[in-house]
Amino acid sequence: METPVRLEETGPTSPLFRPWATSFTGPGFSVIELRNEPAKGFWNANPDSGDLRLAYFVKAPSATYNFSGEPTSISAPRVRFLDLTHKGEFRAPNGMHVVQLNLDRAALDLTMADAKRLSDMPNLIQHPVLRSLLMPVLLNCRNDGMEEHSGSAAGVLTSIVASLISSLLEVPPAPESLQWSQLLEIRKYIDRNYTSRDLAVQAITEHFHISRRTLFSHFEQEELGLGSRIRAVRTARTLELLLDKEDRSRPMDELAARSGFSNTQSLSRALKAATGLTVRDLRGQPAATAGHLDVIRRSLAR
């Protein structure tokens, strides 16, 4: 991060309040989450900055910010890009909760002029790409084990922001820059449509207007290929049903239909491959069922 923000405490703080700051960094990016009581902060002008900074103001009651020479009251929640070529400051007399993303501008092929256009947009909080893809990533960077995935996180964040910028500036992005964001959208599409028997290669390529080759290339670096992911999502749903007091006694064909399997044989094979157990075994061993479900959920989250 080339342009640091300096903080100073202002006013009394509650003895019960525990300010904290965490960071998640990787090649070409950093995510910083900060929660503080009354404070002010500032950053110096950096005309040669290679950073693109996006700030998500989660909570900031009565705060004022000076982004380009004019103090402005900002009501949270608010998301905006910051212009780092000019000095800026903020005052948060009632505290604040902010998540800040810094990316290498060169990785986005973004000119200084385009960065300035982005910083002139006052609030992006309602943008669908930001709400559905970027904000969940930013708010979950503190999850345990994320440090192990900092390398892949760089590609994910860059791809999502490239998609956001393309929409905001109404310019076509480089196809390769969208790979990660499109992969996330495909994964979410599978999660929403796992019960459909039509969920297959053709349905996905038609929905996203991509070729079969592009679809399979998205999953080349994934732990789970396309077919394996669909099967894992359906298997996880079956295990969830088997853990539910009301659903665990449902007939096999009903479990299969609710989980998206075309028949009971497919369900049985998937469960046997994933757990080594039959439906009958899993019904009688809730602890083992929960353990297998946790393993599958972890693999789906990678």
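All values below come from the heavy atoms of this structure, side chains included, with hydrogens, waters and symmetry mates left out.
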Taking [X] for its side chain and [Y] for its backbone only, find out whether a donor-acceptor pair lies under 3.5 Å.
X: Ser163; Y: Ser159; value: no
X: Thr275; Y: Lys272; value: no
X: Arg234; Y: Tyr194; value: yes
X: Arg105; Y: Leu110; value: yes
X: Ser166; Y: Ala162; value: no
X: Arg187; Y: Leu300; value: yes
X: Arg283; Y: Arg248; value: yes
X: Thr235; Y: Arg231; value: yes

Looking only at heavy atoms, which two atoms of [X] and [Y] are closest? And how far apart?
X: Ile296; Y: Ala232; result: CG2-O, 3.6 Å
X: Glu240; Y: Leu293; result: CG-CD2, 3.8 Å
X: Tyr189; Y: Ala203; result: OH-O, 4.1 Å
X: Ser167; Y: His127; result: OG-NE2, 2.9 Å
X: Gly225; Y: Phe219; result: C-CD2, 4.0 Å
X: Pro122; Y: Arg80; result: O-CB, 3.7 Å

Examine the side chains of [X] and [Y] and answer whether a donor and an acceptor come within less than 3.5 Å of each other.
X: Asn193; Y: Ser196; value: no
X: Asp253; Y: Thr264; value: no
X: Thr214; Y: Ser211; value: yes
X: Thr238; Y: Ser259; value: yes

For the [atom1] atom of [X] and the [atom2] atom of [Y], what is their distance to the nearest 0.5 Å?
X: His97; Y: Tyr56; atom1: NE2; atom2: OH; value: 8.0 Å
X: Leu267; Y: Arg258; atom1: CG; atom2: CZ; value: 13.5 Å
X: His207; Y: Leu199; atom1: NE2; atom2: CG; value: 11.0 Å
X: His209; Y: Ile204; atom1: NE2; atom2: CD1; value: 13.5 Å
X: Ser119; Y: Arg53; atom1: OG; atom2: CZ; value: 12.5 Å
X: Met135; Y: Ile160; atom1: CE; atom2: CD1; value: 12.5 Å

Test item: [X] and [Y] side chains (from C-beta on) under 4.5 Å apart, heavy atoms:
X: Leu34; Y: Met96; value: yes
X: Pro77; Y: Val58; value: no
X: Val79; Y: Phe57; value: no
X: Thr278; Y: Leu282; value: no
X: Thr111; Y: Asp114; value: yes
X: Asp281; Y: Thr289; value: no
X: Phe216; Y: Leu226; value: yes
X: Gln100; Y: Glu33; value: no

* Asked: With respect to Leu157, which candidate in Asn102, Leu54, Leu133, Val31 satisfies the side-chain contact (heavy atoms from CB on, under 4.5 Å) definition?
  ->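 It is Val31; the other options fail the test.
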* To do: Test salt bridge (charged side-chain N to carboxylate O under 4.0 Å, His left out) on Arg250 and Asp247 and set out the steps.
  => CA-CA 5 Å; Arg250 291 183 183 277; Asp247 291 320; 2.5 Å; yes
* Please lay out, stage by stage, how Asp51 and Asp104 fare under the test side chain to side chain contact (heavy atoms under 4.5 Å, CB included). => CA-CA 5 Å; Asp51 285 345; Asp104 181 1; over 6 Å; no
* To do: Step through the shown structure and confirm whether more than 12 heavy atoms of other residues, nucleotides or ligands are within 6.0 Å of NZ on Lys59.
  =>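 Not buried by this count: 12 neighbours or fewer within 6.0 Å.
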* Asked: In this structure, are over 12 heavy atoms from other groups packed under 6.0 Å from Gln202 atom CD?
  ->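 Atom CD in Gln202 is not crowded, with 12 or fewer foreign heavy atoms closer than 6.0 Å.
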* To do: Check whether Val295 and Leu241 end up in the same hydrophobic cluster, where Ile, Leu, Val, Met, Phe, Trp and Tyr are linked by side-chain heavy atoms less than 4.5 Å apart.
  =>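 Val295 does not cluster with Leu241.
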* salt bridge (charged side-chain N to carboxylate O under 4.0 Å, His left out) between Asp120 and Lys116, worked out -> CA-CA 6 Å; Asp120 289 338; Lys116 179 65 171 64; 2.9 Å; yes
* Would you please test Ile186 and Ile210 for side chain to side chain contact (heavy atoms under 4.5 Å, CB included) and show each step? => CA-CA 11 Å; Ile186 293 170; Ile210 57 177; 4.1 Å; yes
* To do: Would you please test Met121 and Phe81 for side chain to side chain contact (heavy atoms under 4.5 Å, CB included) and show each step?
  => CA-CA 8 Å; Met121 300 175 184; Phe81 289 97; 5.9 Å; no
* Asked: Could you walk me through whether Arg298 and Glu223 pass the salt bridge (charged side-chain N to carboxylate O under 4.0 Å, His left out) check?
  -> CA-CA 11 Å; Arg298 287 177 180 273; Glu223 180 177 314; over 6 Å; no
* To do: Begin with the C-alpha distance, continue with both residues' side-chain angles, and end with the deciding distance and a verdict on side chain to side chain contact (heavy atoms under 4.5 Å, CB included) for Val129 and Leu134.
  => CA-CA 7 Å; Val129 171; Leu134 187 55; 5.8 Å; no
